[in-house]
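Shown next, in structure tokens, is the structure this report addresses.
First listed ligand is number 1; within each ligand, the first listed atom is number 1. Just so you know, residue 1 is the first one in the sequence shown, and it goes up from there.
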Amino acid sequence: ALLGNMNATLRLYYDNAYLTEFTAQVVAISERAGHPALALDRSAFYPEGGGQPADRGWLHGAAAERRWEVVDVQSDNGVVWHLLAAGESPPAVGAAITGQIDWARRFDHMQQHCGQHILTAAFIATCDAPTVSFHLSERSVTIDLAVAELSEEQARAAEAWANAAVWRNVPVQARFVSPEELAQIPLRKPPVVSGAVRVVSIGDIDHSACGGTHPARSGEVGAIAVLGWSRQRGMIRVEFACGGRVIAALRERDAAARAAAAALSVGWAELPAAVTRLQEAQQALQRELAQTQRELDALRAAQWYAQTPPINGRRIVTATLPMAGVERLRAIANFIAELPDGIAIVAGGEERVQVVVACHPDTNADARDILAAGMAVLGGRGGGNARMAQGGGGQAGALAAAIAAMAERASHHS
Ligand SMILES: [Zn+2]
């Protein structure tokens, strides 16, 4: 197809963002990204651009039953391409069609897009933070501010300023202006296009070069809620919601808060206090559990010691406690080595094998020697002093043989 001479599509949304149905003629058929794509002489469909996603909708043929879904809309050299589902057979060039916009989706985009103009103006007015980029998707709306920090007070001040501007319900006007007229308008930033520039003015709040779709008055944005912000490549990314998305965000948060409140049997307003109480109770339980475990370990150690017959005047207690951390192994080894003639060889470890050897001073045994006998079998590493040594690693499967080797070494006076 010879597309070089194609006329630019007449964009009906420029004059009327509320137009949801229109008639047009198919002027070209092409293919884009594996989809049949139609160019019309005129269209109310907004093509993706300026941070605003493309419209969706339908094209109806002259025969009432024929209908094509528009799955994407893209602009190329002034021509608006309406993409149909892959595999669809499109209407012929010259066919008359009726276009229909998915209005719920479009109005959502109008609320978010216009709300972005207002919030951007608000951040400049309240904390001198310019917007460098804008992203709008089905899941979230964000702007990136060229500042390193944003405080809660600044975010709330900008939010309050933005909502006051929404509720003043000022007119939103879009018009194409000449370069001479443009010079008289206090634009937020210089336009990226040359020639006639479309300027969108939201009362005296904001003047921007913009090709997007906007409601007729700021009040239709409804409300603007700043949902959160985070550092992003040296800037601050602000997530926000406008209009219907404020209600959706409220519902989502409300559902989460209700579920948490129900689980704790409190009202949602009492959630922070209830969570604090829960954390404090859990910490108290953990302290109590640790204390109980220490007491139990001391009793066990004494019992193992009592059941161990002396060999060459030494009581060599061996024990394996799977999942016991090294701190607990050391505590148990200490309990045993405090008893007369006690030598402890205790093993455990959560992810890798840990061995602790401890010796009562009167035994004259060297914990490092005993540990070394075990590490030689395990293939692990360790160290310490004559009273206590610890090591670990190596092959967990060799632990029983290593313990036997250490017990054997401990039974001989060096
Ligand atoms: Zn705009």
For residues 140-147, which side-chain N or O atoms pair as donor and acceptor with protein atoms under 3.5 Å away, sequence neighbours left out?
residue: Asp144; atom: OD1; partner: Arg237; partner atom: NE; Å: 2.7
residue: Asp144; atom: OD2; partner: Ser133; partner atom: OG; Å: 3.2
residue: Asp144; atom: OD2; partner: Arg237; partner atom: NH2; Å: 3.0

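Protein N/O/S atoms found under 2.8 Å from the Zn ion (ligand 1): His113 NE2, His117 NE2, Cys210 SG, His214 NE2.
Using the six-membered ring where Trp is involved, His113 and Phe134 have ring planes that are perpendicular, over 60° apart on the 30 and 60° scheme.
The side-chain heavy atoms of Glu48 and Gln74, taken from C-beta on, include a pair separated by under 4.5 Å.
Between Phe45 and His82, the gap from one ring centroid to the other is short of 6.0 Å.
When every heavy atom of Arg105 is checked against every heavy atom of Asp55, the shortest pair comes out as NE-C, 4.1 Å.
Between Glu159 and Arg156, at least one side-chain N (NZ, or NE/NH1/NH2) sits under 4.0 Å from a carboxylate O, which counts as a salt bridge.
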